[in-house]
Structures are given as structure tokens and as C-alpha cells.
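First up is the structure itself, then whatever we jot down about it.
Sequence lines set the chain letters: A, B, ... in the order given, protein chains first and strands last, and positions in each chain run from 1.
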Amino acid sequence: MHHQLFKDRVCQLVASIPSGKVMTYGQIAALCGSPRSARIVGGIAHFGDDALPWHRVVNKRGGLASGYPGGRRAHALHVRAEGIKVDNKGIIDLAMYIWWPEDGQPEQRTTHDKE
DNA sequence: GTCATGACGGATC
DNA sequence: GGATCCGCCATGA
């Protein structure tokens, strides 16, 4: 495949995140074929389609986006509106809200846990 | 074609 | 445990 569709894949993936769930930039990038392109996802977010639920995209620490329109506070309000708990530092519990598409849900990792 | 950038990630100090 | 630096790689000028 070609990275030309990278942006398009990211957009579709973000659009498929259900309400009340979140994905990380690195996770999205990996699913789009480039695990090291997390920043690219961020770039797409800024200049991409505002209609997409970018507020459901957080960084690997579960932290809110730095350049979100309105600031991290606005981001926090938006995710909270979907039932996601955010602590005082603006950190989301990824273990509880992380979501994977049906296609590549590595929930088996929790049982085996290798790495 | 080259250069700079970015809503990140991971390693290092 | 927090702050900082560097690398990453697609994108736009």
C-alpha cells in the first residue's frame, strides 16, 4: 500500500472511535502502517477535518492534546461530556477507555503478556 | 528535489 | 519523578 492514503486512513480510523472511548496517536499511526508517525497524526488533526472526533484522540500518557482548540481544558470538557473521567491533571485512564478497532484488538496481550 | 515543521514517543539528564 | 533532547516520518512550501 502507499502512504498516500495515510491521512485518509487516519481520518477514517478517528471517525470510527465510539463515543466514550479514546485512541492514542501512536496507536492510530501504527494501525495506519507507520508506528513512528504519531506526530503526523497530530499534524492531520490540526489541519484536518474538524468534523472528526479528534477529542477522542489522546497521547500515550492519556494526556490531552496541547494544541486543541480552546486548550486542554476544552478538550477535557469534551471527553468528559462522553462519560470519560479526567483527573485534575487532565489525564485519562487509558486502561479503562482505550479502544481498538475490531480488526486488530490485541486483548490477548493482557493474558499472555510477553514483550 | 530540498527544508522545515508538528495536537508524539521514547530515551536520557 | 520531572524536564529536556533527539528522532520520527508524512506534509506543505
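Atom CZ in Arg36(A) sits about 9 Å away from atom P in dA11(B), given to the nearest Å. What separates NE2 of His75(A) from C1' of dC8(B) is a distance of 14 Å, to the nearest Å. Distance, Tyr25(A) OH to dT5(B) P: 20 Å, rounded to whole Å. At whole-Å resolution of the value, NZ in Lys60(A) and C1' in dG7(C) are 16 Å apart. Rounded to whole angstrom, the span from the CZ atom of Arg61(A) across to the C1' atom of dC8(B) amounts to 9 Å. Atom CD1 of Ile91(A) is separated from atom C1' of dG1(C) by 14 Å (rounded to the nearest Å). Atom-to-atom, CG of Leu64(A) to P of dC8(B) comes out at 11 Å; the value is rounded to the nearest Å. Atom CZ of Phe47(A) is separated from atom P of dG12(C) by 9 Å (rounded to the nearest Å).
Checking the phosphate oxygens (OP1, OP2) of dA10(C), a side-chain nitrogen or oxygen of Ser34(A) falls inside 4.0 Å. An OP1 or OP2 oxygen of dG12(C) is reached within less than 4.0 angstrom by a side-chain nitrogen or oxygen of Lys7(A). Side-chain nitrogen and oxygen atoms of Ser66(A) include at least one within less than 4.0 Å of the OP1 or OP2 phosphate oxygen of dC8(B).
No donor-acceptor distance shorter than 3.5 angstrom exists from the side chain of Glu82(A) to the backbone of Pro18(A), with no hydrogens or angles considered. Distance alone, capped at 3.5 Å, places no donor-acceptor pair between the Arg56(A) side chain and the Lys21(A) backbone. In terms of modelled atom types and a separation under 3.5 Å, the side chain of Tyr97(A) and the main chain of Lys85(A) share a donor-acceptor contact. A distance-only check finds a donor-acceptor pair linking the side chain of His75(A) to the backbone of His55(A) [under 3.5 Å].
Across all strands shown, nothing is found opposite dA7(B) as a Watson-Crick or G-U wobble partner with both distances under 3.5 Å. Figure legend. dG1(B) is base-paired to no nucleotide; pairs are counted as Watson-Crick or G-U wobble with both atom distances under 3.5 Å.
Across all strands shown, Gly26(A) has heavy atoms under 4.0 Å from sugar-phosphate atoms exclusively, and none from any base. Nucleic acid contact class of Ala65(A) (heavy atoms, under 4.0 Å, all strands): base.
Where Ile40(A) and Gln27(A) each meet DNA chain B at their nearest nucleotide, the meeting point lying more 5' is that of Ile40(A). Between Ser37(A) and Lys89(A), the residue anchored closer to the 5' end of DNA chain C is Lys89(A), taking for each the nucleotide with the nearest heavy atom.
When distances run from any side-chain atom of Phe6(A) to the nucleotides dG9(B), dA7(B), dA10(C), the shortest one goes to dA10(C).
Among Asp8(A), Ile40(A), Val10(A), the single residue meeting the side-chain contact (heavy atoms from CB on, under 4.5 Å) criterion with Cys32(A) is Val10(A).
The base of dG7(C) sits within donor-acceptor range of the side chain of Arg39(A), with an N or O pair under 3.5 Å.
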